[in-house]
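If you read the sequence from its start, that first residue is 1, and numbering goes on from there.
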Amino acid sequence: MPHHHHAHRHAAAHDHSAHHHGGDPTFLPRLLDLDAEVHADLLEQAVGLTADLAGGAAGDRPVARVLDVGAGTGTGTVVLARHFPAADVVALDADPAMLERVTARTAAAGLTGRVRTVRADIVDGPLPADVDVIWSSAALHEVGDPVTAFRGLLAALRPGGLLVVVEMDGLPRLLPVAFAEFEQRIRAAGAAGTAEHRIDWAPLIRATGFELLQTRPLRIDRTLPADGPAGEWARLELTRVARVAGDALEETDRATLRALTGDGSGRVGALGELWVRGGRTLWAARRP
């Protein structure tokens, strides 16, 4: 991701500049962690599919090295390590603060010794070599030179190795149905400050020399309690939307956002339930 490749951290559709975080260095990591918690089922599904495909792709040898490109706060790194218990996992990110969080998270998960961090930019490298599985979630859409990035990923994989890329299909929806028109308006107002996320990596994957194995949609559509982690995630996400949209919002919508992100009776946590829906696309490819 241009200034750091995380995903996953699955909130990587967000504008990551300090301006839109209000200068708070903890804002983005907290948003990413909560996003991963809310979408934990999607992450497990995607990494489980990766493990299944790697078992078929590896064939001649077990998976010994997994590379998490754009590791962010390390939520995906931990899931990868658990799904590949015999592998060493390398978490790569350009942001040293994110890598510190990866180290802390993996230590807390009892994975010290199995996970190491590498500070590197995916385009400038260098990337580890002879990798069995490369995973990248919600990161590659931020890369300024995707052609060079995918060439580097191909070179990092050993022949027969597996590449899995996951991207958001679009910005998530999270408010109850009564807020549908409001949420549509604020998302549209913030669109000018948000990169295009409906990316189809399939043509570039093929053009780079990979064998594309499958393209699969992953969906979430569920209600979650508004007074739990989903509510805190929604509050931070709406805070981010308000900062990105700025003056493009009507005053009535700004007032609604202030109420939802505040501590009063109109706050997100008092809504009862949230309706979380959205999706990812997963591309799986093999180096011939």
Side-chain angles (χ1 to χ4, degrees), residues 6-43 72-73 75 97-98 101 138 167-198 218-280:
H6 46 266
H8 192 146
R9 1 96 171 133
H10 302 274
H14 305 139
D15 185 319
H16 296 159
S17 68
H19 170 74
H20 291 308
H21 302 149
D24 179 1
T26 68
F27 183 93
L28 176 62
R30 181 64 177 152
L31 179 58
L32 293 174
D33 285 347
L34 287 164
D35 186 276
E37 186 171 349
V38 169
H39 296 88
D41 289 349
L42 283 188
L43 178 59
T73 61
T75 52
M98 288 292 177
R101 292 178 180 273
E167 295 279 10
M168 295 181 73
D169 286 346
L171 296 173
R173 295 293 190 267
L174 49 87
L175 292 172
V177 67
F179 289 85
E181 292 184 3
F182 162 78
E183 192 166 13
Q184 183 174 352
R185 285 196 306 274
I186 64 172
R187 290 295 189 186
T194 304
E196 174 58 54
H197 302 294
R198 295 183 184 277
L218 307 171
R219 296 285 176 261
I220 183 170
D221 188 339
R222 61 189 299 197
T223 56
L224 292 169
D227 58 355
E232 177 63 9
W233 166 71
R235 185 183 70 82
L236 292 179
E237 170 62 3
L238 291 172
T239 299
R240 185 201 65 79
V241 171
R243 291 170 179 169
V244 171
D247 293 339
L249 292 169
E250 297 291 337
E251 177 53 38
T252 52
D253 287 342
R254 284 203 294 270
T256 301
L257 276 170
R258 284 195 296 271
L260 287 168
T261 58
D263 297 323
S265 60
R267 67 189 185 280
V268 168
L271 292 178
E273 282 187 334
L274 298 175
W275 181 22
V276 180
R277 60 257 190 233
R280 314 276 194 269

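- Note that CD of Glu273 and CG of Asp227 are 10.0 Å apart. Values are rounded to the nearest 0.5 Å.
- No donor-acceptor distance shorter than 3.5 angstrom exists from the side chain of Arg219 to the backbone of Leu42, with no hydrogens or angles considered.
- A distance-only check finds no donor-acceptor pair linking the side chain of Arg30 to the backbone of Phe27 [under 3.5 Å].
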Exercise for review: Kindly indicate, with the supporting measurements, whether the criterion side-chain contact (heavy atoms from CB on, under 4.5 Å) is fulfilled by Glu232 and Arg235.
Suggested key: CA-CA 5 Å; Glu232 177 63 9; Arg235 185 183 70 82; 2.8 Å; yes
Exercise for review: Applying side-chain contact (heavy atoms from CB on, under 4.5 Å), run through Trp233 and Leu224 and close with a yes or a no.
Suggested key: CA-CA 11 Å; Trp233 166 71; Leu224 292 169; over 6 Å; no
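- Partner Glu237 forms a side chain to side chain contact (heavy atoms under 4.5 Å, CB included) with one of Leu174, Val38, Thr261 and no other, that one being Leu174.
- Scanning all heavy atoms of the two residues, the minimum distance from Ser265 to Ala270 falls at O-CB, 3.5 Å.
- Atom CD of Glu251 has more than 12 neighbouring heavy atoms from other residues, nucleotides or ligands inside a 6.0 Å radius.
- Note that the CZ atom of Phe179 and the CD atom of Gln184 stand 15.5 Å from one another [nearest 0.5 Å].
- Closest heavy-atom contact between Thr73 and Met98: CG2-SD, 3.8 Å.
- Between Leu274 and Ala234, the closest heavy-atom pair is CD1-CB, 3.7 Å.
- Counting heavy atoms of neighbouring residues, nucleotides and ligands inside a 6.0 Å radius, atom CG of Asp221 exceeds 12 of them.
- For Leu257 against Ala242, the heavy-atom pair with the smallest separation is CD1-CB, 3.8 Å.
- Contact record, Glu37 with Pro229: OE2-CG, 3.3 Å, taken as the closest heavy-atom pair.
- By the 4.5 Å heavy-atom criterion applied to side chains, Asp35 and Thr75 are not counted as neighbours.
- The NE2 atom of His39 sits 11.5 Å away from atom CG of Leu34, with the distance rounded to the nearest 0.5 Å.
- With rounding to the nearest 0.5 angstrom, the CD1 atom of Ile186 is 8.0 Å from the CG atom of Leu260.
- Shown here for Arg277 and Leu175, the closest heavy-atom pair between the two residues is NH1-O, 3.2 Å.
- With values rounded to the nearest 0.5 angstrom, Leu238 atom CG is found 10.5 Å from Thr256 atom OG1.
- Using a distance-only test at 3.5 Å, with no hydrogens or angles considered, no donor-acceptor pair links the side chain of Arg280 to the main chain of Leu218.
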